[in-house]
Amino acid sequence: MLNYTVTSNHVHLLVNDTGSDVIAQSIQLIAGRSAQEYNQRKDRQGAFWEDRYHATAIEADEHLHRCLIYIDLNMVRAGVVSHPVEWAHSGYREIQEPPKRYAVIDLEGLAALCGFTDLRGFQGAHRQWVEQALGNACAPRDDRWSEAIAVGSLPFVETVKNDLGVKAMHREVVQAMRCASQLKPMRPILPAKMRL
């Protein structure tokens, strides 16, 4: 796990894809187990999650930095808190003040993927990115993170599209601001997030 935010009706997870079907199997386990726990606690049966999850492949460069910050600022954009440190159910606090035990975030892995060898250097940069985004009115909601199936350089996005084969058949590569490319649907689709 690289970052997360848990809200009242959905979850954002930033994870490192370590192999074929690892993410799908992990999400299935998390969704199934959390639904089971909730149903047992509330003495109920039936579906807990509204939709399947939506996955977006993100290139490990400035696009990863932007996605990291986008997740950190979710509850700020929602107007629930004024700074991500105020939201207890997110990775921002863990990145800035790692717990001695029971860490959820692979902080060293995240720092390395963001191009840092020094953890403190990464934490300082992360703090600066968040403060800069807060100064820019938190950057409004960006559909790239919830609707695209890949965000990154043109070669990265084209590789993802080729790897997905039939699954990406009705998607087009779109060149967005500042060299970010994404695979967007050729026709509108409803965003599929993990919703409660």
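Values in this document were obtained by computation on a predicted structure and should not be read as measured data. Hydrogens, waters and symmetry mates play no part in the numbers below; they use all other heavy atoms, side chains included.
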* To do: Please lay out, stage by stage, how V160 and N162 fare under the test side-chain contact (heavy atoms from CB on, under 4.5 Å).
  => CA-CA 5 Å; V160 171; N162 290 337; over 6 Å; no
* Show the numbers, then the answer: is there a side-chain contact (heavy atoms from CB on, under 4.5 Å) between M1 and D106? => CA-CA 6 Å; M1 177 88 62; D106 175 8; over 6 Å; no
* **Nearest-0.5 Å distance, CZ of residue R66 to CG of residue D61** => 8.5 Å
* Could you grab the distance from atom CG of L110 to atom CG of L2, nearest 0.5 Å is fine? => 5.0 Å
* **E108, CD: over 12 other non-hydrogen atoms inside 6.0 angstrom** => no
Pairs of donor and acceptor atoms involving the side chains of residues 90-99, under 3.5 Å and at least two apart or interchain, shall be tabulated with distances.
from	atom 1	to	atom 2	distance (Å)
S90	OG	W87	O	3.2
R93	NE	V85	O	2.7
R93	NH2	V85	O	3.2
E94	OE1	V104	N	3.3
E94	OE2	V104	N	2.7
E94	OE2	I105	N	2.6
Q96	OE1	R127	NH1	2.2
Q96	NE2	Q123	O	3.1
Q96	NE2	H126	ND1	2.7

* Counterpart residues, side-chain contact (heavy atoms from CB on, under 4.5 Å), relative to K100 (two or more places apart) -> none
* Asked: Just wondering, more than 12 heavy atoms not from Q40 lying within 6.0 Å of its CD?
  -> yes
* To do: Taking H65 for its side chain and C114 for its backbone only, find out whether a donor-acceptor pair lies under 3.5 Å.
  => yes
* Looking at CZ of R77 and CG of L73, how far apart are the two atoms once the value is rounded to the nearest 0.5 Å? -> 6.0 Å
* To do: Evaluate salt bridge (charged side-chain N to carboxylate O under 4.0 Å, His left out) for R33 paired with E37, printing each intermediate quantity in order.
  => CA-CA 6 Å; R33 190 69 189 129; E37 287 285 327; 2.6 Å; yes
* To do: Identify whether V22 and L113 are in the same connected component of the hydrophobic contact network (ILVMFWY, side-chain heavy atoms under 4.5 Å).
  => no
* To do: Take I71 and C67 through the test side-chain contact (heavy atoms from CB on, under 4.5 Å) and record every step on the way to the result.
  => CA-CA 6 Å; I71 291 171; C67 182; 4.1 Å; yes
* Asked: Do V76 and N74 have side chains that get closer than 4.5 Å, going by heavy atoms?
  -> no
* Verify whether one side chain among N16 and T18 offers a donor that lies under 3.5 Å from an acceptor in the other. => no
* Asked: For Q28, does the CD atom sit with more than 12 other heavy atoms under 6.0 Å from it, leaving out its own atoms?
  -> no
* Modelled atom types, side-chain donor and acceptor of D72 and N3, under 3.5 Å -> yes
* To do: To the nearest 0.5 angstrom, please state how far the OG atom of S8 sits from the NE2 atom of H89.
  => 10.5 Å
* Do T7 and T5 have side-chain heavy atoms sitting under 4.5 Å apart? -> yes
* Asked: If you count the non-hydrogen atoms of other residues, nucleotides and ligands that lie under 6.0 Å from CZ in R44, is the total more than 12?
  -> yes
* Where do L134 and S82 come nearest, in terms of heavy atoms and distance? -> CD2-O, 3.9 Å
* Do V157 and V151 touch side chain to side chain, with heavy atoms closer than 4.5 Å? -> no
* Asked: How long is the span from the CD atom in Q25 to the CD1 atom in I23, to the nearest 0.5 Å?
  -> 11.0 Å
* Identify the two heavy atoms, one from I69 and one from A133, that lie closest to each other, and give their separation to 0.1 Å. => CG2-CB, 3.8 Å
* Structure fact -> Nearest heavy-atom approach of G46 to N39 is O-ND2, 3.0 Å
* To do: State whether the side chain of E59 and the backbone N or O of F156 hold a donor-acceptor pair below 3.5 Å, judged by distance alone.
  => no
* Determine whether L68 and Y70 make a side-chain contact, defined as any pair of heavy atoms from C-beta on separated by less than 4.5 Å. => no
* Hey, does V130 have a side-chain heavy atom less than 4.5 Å from the side chain of H83? -> yes
